[in-house]
Number of protein chains: 2
Amino acid sequence: MAAQTRERILDTSLAAFGLRGYDSTSLDEMATELGITKQAILYHFSSKEHLLTATIELAVAELGSALGGASKPQSRGFQRIEDLVRATFSLAARRPEVLGLVRLVTRQGGVASGELASAMSVMLGDAVRFVEAEMIAGRFRRLEPRMLLLAVYSAVIGVATEPEVMRALGLEPDLRSLVKARRETIEFLRAALIAD
Amino acid sequence: MAAQTRERILDTSLAAFGLRGYDSTSLDEMATELGITKQAILYHFSSKEHLLTATIELAVAELGSALGGASKPQSRGFQRIEDLVRATFSLAARRPEVLGLVRLVTRQGGVASGELASAMSVMLGDAVRFVEAEMIAGRFRRLEPRMLLLAVYSAVIGVATEPEVMRALGLEPDLRSLVKARRETIEFLRAALIAD
DNA sequence: CAGATAACTTACCAAATGGTAAGTCTGTGA
DNA sequence: TCACAGACTTACCATTTGGTAAGTTATCTG
């Protein structure tokens, strides 16, 4: 029962931190939700901040496995971007809390963010090299690679995790709309990226 | 001294809520920062939630005046988009907390978000009509207008308010980089939007 | 069977939180 | 000058917060 509880706590904290935020989530709340006491949480994770660190680790792992599969080095040109965007939207639909936590950490920074930051650094470094190679090969439009990636990243994460804005646009953030949003995002990126 | 204090409180709360978040900001903290007592805040705003409502009102006003000037109906085609993006980046540099609050509210939703939501609905409604007109005129690529706007919105807000991601990309989020980010974002959008 | 260890719970606690009640001071109009 | 209202402060308060200390129970080991 031990390891299971640990995992259940991490599951709950990922959802809570990712969807509601760190300060907005209390340990008591989570404990009640899990049907255990707060002290059981503090038995497995010695403080709330340690729990956050472990939660970020979990999110990094999930992010890696979700996007790692999609970024097969063999696929080239825009196909690879499309694969990544599809994987990101799939993750947003299946586990919105993971991207929520990514956003939380990338915004607030903070102590525990080191791991996610470095994991993202690696992923983004690979991405920069990929984009540069595609530009040199003449398949992608020539833009500043890092800024381009920042725009792509922002567009995808934004579309995938901004339900209130979708509502303001008169779109319900259901699965069908997400599929549509994914298709349109890919078309948008295709237009922006592919060299004439 | 009365009206001044009220405004000073709103200034501080806009910065605090917009940059740190609602739950992460305590009234005592803000009061100390202002050199007054918490009860002085509660004298002007009967509860923390009322303060948030008033703060959102202020942010809506600032957002409106910052972007309203840029969206002159006379400018057409991509120029109008460029004006808007410039205005957004200018706001991000001058008063990052305003966009921070917009993001906070659009993400969390909540009770007090009604005003911002409706203000954004109006702005986005105008934008949808503008984009549709440009598409019909053949100046913009044909994409789903609302999804397109969501992607544009996400890209701009993301680039303008995502300092940690910039750091992960090896870019310092200083003024020079922001200028560069603005230029690249505009180029990115130009490529994505303008019909061949 | 003894006892150690892992996995908890019960019982607290100090600090911080949003909020109430009751004063205090200062200017202002009658 | 005197009442009075506006703009606060001082004094509290109940609740919630993250966290500690001390059990309790079950399982495994020698």
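All chains are named by letter (A, B, ...) in the order of the sequence lines, taking the proteins before the strands, and each is independently numbered beginning at 1.
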Should the pair F78(A) and F140(A) be assigned to parallel (<30°), tilted (30 to 60°) or perpendicular (>60°) ring geometry? perpendicular

Residues pairing under ring pair (Phe, Tyr, Trp, His ring centres under 6.0 Å) where one sits in residues 48-68 of chain B, two or more places apart or in two chains, turn out to be none

Do the side-chain N or O atoms of H44(B) get closer than 4.0 angstrom to the phosphate oxygens (OP1, OP2) of dC8(D)? yes

Salt bridge (Lys or Arg N to Asp or Glu O under 4.0 Å) partner of E29(A), the single match among K38(A), K48(A), R20(A): R20(A)

Please state how far atom CD in Q4(A) lies from atom P in dA6(C), giving the value in whole angstrom units. 19 Å

Over how many whole Å does the gap from L34(A) atom CG to dA7(C) atom C1' extend? 15 Å

At under 4.0 Å between heavy atoms, how does the protein contact nucleotides 9-25 of chain C? Give one character per nucleotide, 5' to 3', with B, S or -. BBB-----SBBBB----

Could you go step by step and tell me if E184(A) and R146(B) meet the side chain to side chain contact (heavy atoms under 4.5 Å, CB included) rule? CA-CA 10 Å; E184(A) 292 289 330; R146(B) 292 174 300 179; over 6 Å; no

Any pair with a residue in residues 120-140 of chain A that passes salt bridge (charged side-chain N to carboxylate O under 4.0 Å, His left out), sequence neighbours left out, goes on the list, sorted by first then second residue, please. D126(A)-R129(A), E134(A)-R139(A)

